[in-house]
2 protein chains.
Amino acid sequence: MDLPTTKDRILDAAERLFGDRGFADTSLRTITAEAGANLAAVNYYFQSKDALIQAVFARRLGPLNQERMDMLDACEARAGDGPLLIEDVLRAFLEPAFKVGHERASTFGRLLGRMYIDPGDIFERIFREQFGATKVRFLGAFRRALPELPPEEMFWRMHFLIGALAHTMAGLHHLKVTSEGLCDASNPETVLKRLIPFLAAGFRAPVPQGDTPCDAN
Amino acid sequence: MDLPTTKDRILDAAERLFGDRGFADTSLRTITAEAGANLAAVNYYFQSKDALIQAVFARRLGPLNQERMDMLDACEARAGDGPLLIEDVLRAFLEPAFKVGHERASTFGRLLGRMYIDPGDIFERIFREQFGATKVRFLGAFRRALPELPPEEMFWRMHFLIGALAHTMAGLHHLKVTSEGLCDASNPETVLKRLIPFLAAGFRAPVPQGDTPCDAN
DNA sequence: GTCTATAACCTGATAGAC
DNA sequence: GTCTATCAGGTTATAGAC
């Protein structure tokens with residue numbers, strides 16, 4: 001077995017430190033020091049700090065979103081012409097995220113959660129490049145699972161879903177402190193078993209008044 | 001009517017810029033330039049950048065959490081010995097946040113959303129100092145509204161609630177883009193009318209298996 | 001590929017004139 | 001209270017030796 005390359009060690013260190021402290025607060029010096037690499041190495045392998053940030057995300061987001069699609073494929077194959085269960089769609093979207101968070105000792109989990117909130121043009125681009133196809137596929141699946149939901153309401157509920165996901169992944173430590181150790185998230189399945197029913201019930205909630213339903217015309 | 005003081009102009013500029021770009025990415029020079037003040041003024045009125053960040057939060061969070069408590073008081077007075085409706089507890093927690101976000105042209109809204117995610121010891125302290133009493137009061141109210149919910153599950157669901165709130169406030173622009181302009185949140189009541197039913201249904205969802213209910217002994 | 005050295009710049013903070 | 005000037009230190013990025 002080969003030792004990890006310098007490039008990989010830099011990516012690993014960056015992933016952990018960005019997740020811990022944020023992007024602006026993590027210097028290339030800190031990253032290369034933790035990676036046991038030279039400061040100049042980060043400019044040799046990547047061109048700039050921004051490019052390093054992009055590389056950190058690209059390494060995980062490609063496989064992550066592929067797994068989401070695969071799970072959704074399996075869901076739809078199983079459903080055939082029958083109804084699509086909202087719980088299954090939610091699991092296809094959430095489980096790969098929590099699994100990669102857990103595998104990487106939750107380092108990438110914090111990072112993924114932070115991506116949705118942190119500012120900067122980089123993230124707008126990362127989002128467009130990495131999530132475009134995923135967004136379209138899941139939007140369709142959510143609509144198929146809940147056809148009576150008006151499009152506007154669907155976007156809102158997906159927005160709430162993203163919020164619960166991002167904060168749950170980024171703030172698990174926060175939860176442990178607040179609950180005085182009662183809540184433990186060392187196993188991704190523990191989180192999913194609670195998050196999926198919560199969100200499924202939210203998605204199934206009656207549509208608030210004043211909205212035009214999909215099939216009103 | 002008096003013009004805003006230099007101190008207030010600095011606070012206003014800091015509030016806006018911190019919300020837009022984050023804390024580490026906003027320099028004191030940028031803040032004082034936007035405020036039309038001198039760089040040294042920020043160290044004259046506040047002692048340090050950290051102290052300025054704290055002041056920005058303290059100016060709004062005190063009144064915000066007081067209003068939450070007041071609304072909860074009114075809820076509980078109305079309920080008397082009867083049941084407490086989860087929708088009312090949620091509104092007491094959410095409405096003041098969205099109202100302050102809207103009044104301030106959503107500048108403080110983005111900032112408030114970011115607070116939950118951004119790193120650093122400052123925020124842990126802000127959270128402890130500003131939210132301690134609020135957390136205790138609302139935990140009690142949520143328990144009274146849903147007494148059958150096990151404590152662990154309650155913490156999880158409050159965690160999901162915070163996530164939906166934070167991301168909804170911080171990422172409203174994101175939602176507008178994703179929905180291609182379909183979703184508009186210029187009015188706080190519009191958001192609440194969608195968020196409260198979604199979350200209420202989530203809180204009322206059946207408890208997942210394997211949990212010990214409150215009244216199991 | 002990996003290093004040292006350094007350029008060019010930005011940061012928060014402060015001293016001291018007015 | 002408000003300004004200029006500056007300090008001391010950090011940052012990214014790069015040039016060039018090995």
Side-chain angles (χ1 to χ4, degrees), chain A residues 1-59 111 114 118-123 125-126, chain B residues 1-59 111 114-115 118-126:
Chain A
M1 77 177 223
D2 299 336
L3 291 171
T5 65
T6 300
K7 191 173 177 178
D8 281 330
R9 292 203 316 277
I10 291 175
L11 282 171
D12 290 340
E15 183 173 283
R16 199 186 70 74
L17 288 163
F18 285 151
D20 271 358
R21 317 182 186 183
F23 303 96
D25 270 324
T26 304
S27 72
L28 298 183
R29 280 175 166 79
T30 314
I31 292 170
T32 49
E34 166 144 336
N38 188 273
L39 170 61
V42 74
N43 276 78
Y44 175 76
Y45 287 107
F46 315 90
Q47 283 80 0
S48 64
K49 185 178 182 178
D50 277 7
L52 171 62
I53 295 176
Q54 275 207 278
V56 166
F57 278 107
R59 181 170 67 149
L111 194 59
R114 179 158 299 156
D118 251 307
D121 314 324
I122 328 157
F123 304 99
R125 201 176 51 197
I126 287 172
Chain B
M1 76 176 223
D2 299 337
L3 289 172
T5 65
T6 300
K7 191 174 178 178
D8 281 329
R9 293 204 317 276
I10 291 175
L11 283 171
D12 290 340
E15 182 174 284
R16 200 187 69 74
L17 288 163
F18 285 152
D20 272 357
R21 318 182 184 182
F23 304 95
D25 270 324
T26 304
S27 71
L28 297 183
R29 281 171 170 81
T30 313
I31 293 169
T32 49
E34 167 144 335
N38 188 274
L39 170 62
V42 73
N43 276 77
Y44 175 76
Y45 288 107
F46 314 89
Q47 282 82 0
S48 65
K49 186 178 182 179
D50 276 9
L52 172 62
I53 295 176
Q54 276 207 277
V56 167
F57 278 106
R59 181 170 66 148
L111 194 59
R114 177 157 300 154
M115 182 195 60
D118 251 307
D121 313 325
I122 328 157
F123 305 97
E124 304 245 340
R125 199 176 49 196
I126 288 172

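A note on names: the letters A, B, ... follow the listed sequences, proteins ahead of strands, and every chain is numbered from 1.
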J.: Taking CZ from B/Arg29 and P from D/dC7, how many angstroms apart are they, rounded to a whole number?
T.: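 Atom-to-atom, B/Arg29 to D/dC7, this comes out as 14 Å.
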J.: Looking at side-chain heavy atoms only, is the closest gap between A/Tyr44 and A/Asn38 below 4.5 Å?
T.: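 SC-SC contact between A/Tyr44 and A/Asn38 ruled out.
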J.: Can a donor-acceptor pair be found, under 3.5 Å and without considering hydrogens, that links the side chain of A/Thr26 to the backbone of A/Gly22?
T.: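 A pair under 3.5 Å: yes.
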J.: Just how far, in rounded Å, is P of C/dC10 from CZ of B/Arg21?
T.: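 Atom-to-atom, B/Arg21 to C/dC10, this comes out as 14 Å.
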J.: Would you please name every residue forming a side-chain hydrogen bond (donor to acceptor under 3.5 Å, both in side chains) with A/Arg16, sequence neighbours left out?
T.: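 Applying side-chain hydrogen bond (donor to acceptor under 3.5 Å, both in side chains) to A/Arg16 gives A/Asp20, A/Glu34.
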J.: Which whole-number value in Å describes the distance from A/Leu28 CG to C/dC3 C1'?
T.: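 Between C1' of C/dC3 and CG of A/Leu28: 17 Å.
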J.: Can you find a side chain N or O atom of B/Asn38 that sits less than 4.0 Å from OP1 or OP2 on D/dT4?
T.: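 It does, given that an N or O in the side chain of B/Asn38 lies less than 4.0 Å from OP1 or OP2 of D/dT4.
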J.: So does B/Thr6 get a side-chain nitrogen or oxygen closer than 4.0 Å to the phosphate oxygens (OP1/OP2) of D/dT2?
T.: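 True: B/Thr6 side-chain N/O within range (under 4.0 Å) of D/dT2 OP1/OP2.
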J.: Which nucleotide, D/dA13, C/dT14, C/dG12, lies nearest any side-chain atom of B/Asn43?
T.: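 Within the option list, the nearest is C/dT14.
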J.: Using a heavy-atom cut-off of 4.0 Å across all strands, would you classify B/Ala40 as base, sugar-phosphate, or nothing?
T.: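 Contact class for B/Ala40: base.
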J.: Do the side chain of B/Arg9 and the main chain of B/Ala35 share a donor and acceptor less than 3.5 angstrom apart?
T.: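 Yes, B/Arg9 side chain to B/Ala35 backbone: donor-acceptor pair under 3.5 Å.
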J.: Does A/Ser27 have a side-chain nitrogen or oxygen under 4.0 Å from the phosphate oxygens OP1 or OP2 of D/dT11?
T.: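 For A/Ser27, the contact criterion (side-chain N or O under 4.0 Å from OP1 or OP2 of D/dT11) is met.
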J.: Determine, for A/Asp12 against A/Arg59, whether the closest basic-nitrogen to carboxylate-oxygen distance falls under 4.0 angstrom.
T.: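 Judged by the 4.0 Å cut-off on N to carboxylate O distance, A/Asp12 and A/Arg59 do form a salt bridge.
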J.: Which one, C/dA13, D/dT2, D/dA13, comes nearest to the side chain of A/Leu39?
T.: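 Closest nucleotide to the A/Leu39 side chain: D/dA13.
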J.: May I have the distance from A/Asp8 (atom CG) to C/dG1 (atom C1'), rounded to whole angstrom?
T.: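 Rounding to the nearest Å, CG of A/Asp8 and C1' of C/dG1 are 15 Å apart.
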J.: Please assess A/Leu11 against A/Tyr45 for the test side chain to side chain contact (heavy atoms under 4.5 Å, CB included), listing each intermediate value before the final yes or no.
T.: CA-CA 10 Å; A/Leu11 282 171; A/Tyr45 287 107; over 6 Å; no
J.: Are any side-chain N or O atoms of A/Lys49 and backbone N or O atoms of A/Phe23, one a donor and one an acceptor, separated by less than 3.5 Å?
T.: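 A pair under 3.5 Å: yes.
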J.: For DNA chain D, which residues of residues 45-54 of chain A approach it to below 4.0 angstrom with any heavy atom?
T.: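 Only A/Ser48, A/Lys49 qualify.
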J.: What is the distance, rounded to the nearest whole Å, between atom CG of A/Asp25 and atom P of D/dG10?
T.: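 Taking atom P of D/dG10 as the reference, CG of A/Asp25 is at 14 Å.
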J.: Whole angstrom is fine here: how far is it from OH in B/Tyr44 over to P in C/dG16?
T.: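 B/Tyr44 atom OH is separated from C/dG16 atom P by 17 Å.
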J.: Within the 4.0 Å heavy-atom criterion, would you say A/Thr32 contacts the bases, only the backbone, or no part of the nucleic acid?
T.: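 Answer is nothing: A/Thr32 stays at 4.0 Å or more from every strand.
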